[in-house]
**Q** 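Would you mind keeping the following structure in view while I ask a few things?
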Amino acid sequence: VQLQASGGGLVQPGGSLRLSCVVSGANFGSAYMAWYRQAPGNRRQLVAQISQTGVRYVPNALRGRFAISRDNDKNTAYLQIDNLNTEDTATYYCNTKNIAWSWGLGTQVTVSS
C-alpha cells in the first residue's frame with residue numbers, strides 16, 4: 001500500500017490549505033480513513049477521520065477549522081484546514097483509523113508570517 005500525501009506548503013497565519021492523500025494498492029472504499037499530524041518533538045496525533053460511509057469526526061480543539069472528505073472514485077482523502085495558525089505547523093499524514101498501513105512521507109505544513 002502506498003500513501004501519497006500532497007498539498008502542504010508555507011502559508012501565512014489565517015490562510016487555508018487543502019491536503020490530498022492518494023491511496024494505491026488497497027481497497028480504499030473499504031478503509032476508515034484518517035489524517036494525523038506530527039510536529040517536531042511531539043507525538044503523532046489524530047486530526048480527523050472519516051468512515052467508509054462518510055461519517056466524520058474531528059477533535060473538539062480542531063473542529064470548525066479542520067474538515068475531512070473523501071472521493072472513493074479517486075482513492076483520495078482530503079483535509080481542508082482553514083484559519084491556520086503557527087500551532088498547525090507539522091507534517092501531515094494519512095492512514096486508516098487503526099493505522100493499518102505503513103506511513104507515507106506525509107506533507108509538510110508550515111505556518112509563518
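Just so you know, these numbers come straight off a predicted model, no measurement behind them. Values below: all heavy atoms of this structure, side chains included; hydrogens, waters and symmetry mates excluded.
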**Q** Tyr57 and Arg63: side-chain contact (heavy atoms from CB on, under 4.5 Å), yes or no, with the steps?
**A** CA-CA 9 Å; Tyr57 168 77; Arg63 200 166 295 170; 3.8 Å; yes
**Q** Hey, what do you get for OH (Tyr32) to CG (Asn98), rounding to the nearest 0.5 Å?
**A**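 That separation rounds to 10.5 Å.
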**Q** Do Trp35 and Val109 share a hydrophobic cluster (ILVMFWY, side-chain heavy atoms under 4.5 Å, transitive)?
**A**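 The answer is yes; both residues are in one hydrophobic cluster.
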**Q** According to side-chain hydrogen bond (donor to acceptor under 3.5 Å, both in side chains), who are the partners of Asp73, at least two apart in sequence or on a separate chain?
**A**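 Partners of Asp73 by the side-chain hydrogen bond (donor to acceptor under 3.5 Å, both in side chains) criterion come out as none, since no residue qualifies.
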**Q** Between Tyr78 and Ile50, is there a shared hydrophobic cluster once you connect ILVMFWY residues whose side-chain heavy atoms come closer than 4.5 Å?
**A** no
**Q** Pick from Thr96, Asn75, Asp71: which one makes a side-chain contact (heavy atoms from CB on, under 4.5 Å) with Phe28?
**A** Asn75
**Q** Let me know which of Trp101, Trp103, Tyr36 forms a ring-ring contact (aromatic ring centres under 6.0 Å, His included) with Tyr93.
**A** Trp103
**Q** Any chain of hydrophobic side-chain contacts (each under 4.5 Å) joining Met33 to Val22?
**A** no
**Q** Give a yes or no on whether the backbone of Leu10 and the side-chain of Thr110 come within a donor-acceptor separation of less than 3.5 Å.
**A** no
**Q** Between atom CG of Leu19 and atom OG1 of Thr76, what is the distance when rounded to the nearest 0.5 Å?
**A**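 One finds 12.5 Å between CG of Leu19 and OG1 of Thr76.
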**Q** Which pair of non-hydrogen atoms, one from Pro13 and one from Ser113, has the smallest distance, and what is that distance?
**A**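 What the structure gives for the nearest pair is CD-N, 3.7 Å.
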**Q** CD of Glu87 to CZ of Arg37: how many Å apart, nearest 0.5 Å?
**A**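 Glu87 CD to Arg37 CZ: 8.0 Å, rounded to 0.5 Å.
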**Q** Could you check Val58 against Val47 for side-chain contact (heavy atoms from CB on, under 4.5 Å), going step by step and ending with a plain yes or no?
**A** CA-CA 6 Å; Val58 176; Val47 299; over 6 Å; no
**Q** Of all heavy-atom pairs between Ala48 and Pro59, which one has the smallest distance, and what is that distance?
**A** N-CD, 4.4 Å
**Q** Gln108 versus Thr89: any side-chain heavy-atom pair under 4.5 Å?
**A**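 Yes, close enough: below the 4.5 Å cut-off.
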**Q** Enumerate the side chain to side chain donor-acceptor pair (under 3.5 Å) contacts for residues 5-20, please, sequence neighbours excluded, ordered by first and then second residue.
**A**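 Sorted result for residues 5-20: Ser16-Asp82.
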**Q** Atom CD of Gln49 and atom CG of Asn95: how far apart are they, to the nearest 0.5 Å?
**A**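 These two atoms lie 12.0 Å from each other.
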**Q** Out of curiosity, does Tyr92 fall in the hydrophobic cluster containing Val1 (side-chain heavy atoms, cut-off under 4.5 Å, transitive links)?
**A** yes
**Q** Hey, could you give me the SG/CG distance between Cys94 and Leu3, rounded to the nearest 0.5 Å?
**A**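 That separation rounds to 4.5 Å.
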**Q** Counting N and O atoms only, with roles assigned by atom type, does the side chain of Asp88 sit under 3.5 Å from a partner on the main chain of Asn85, one being a donor and the other an acceptor?
**A** yes
**Q** With sequence neighbours excluded, what pairs up with Gln38 under the side-chain hydrogen bond (donor to acceptor under 3.5 Å, both in side chains) test?
**A** Arg44
**Q** Which distance, rounded to the nearest 0.5 Å, do you find between the CD of Gln80 and the OG of Ser69?
**A** 8.5 Å
**Q** Under a 4.5 Å side-chain heavy-atom rule over Ile, Leu, Val, Met, Phe, Trp and Tyr, are Leu46 and Ile68 clustered together?
**A**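 No, Leu46 does not connect to Ile68 through the hydrophobic network.
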**Q** Decide if atom CG of Leu105 counts as having more than 12 heavy atoms of other residues, nucleotides or ligands within a radius under 6.0 Å.
**A** no
**Q** How about CD on Gln2, more than 12 heavy atoms from neighbouring residues, nucleotides or ligands closer than 6.0 Å, or not?
**A**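 Open: at most 12 neighbouring heavy atoms sit under 6.0 Å from CD of Gln2.
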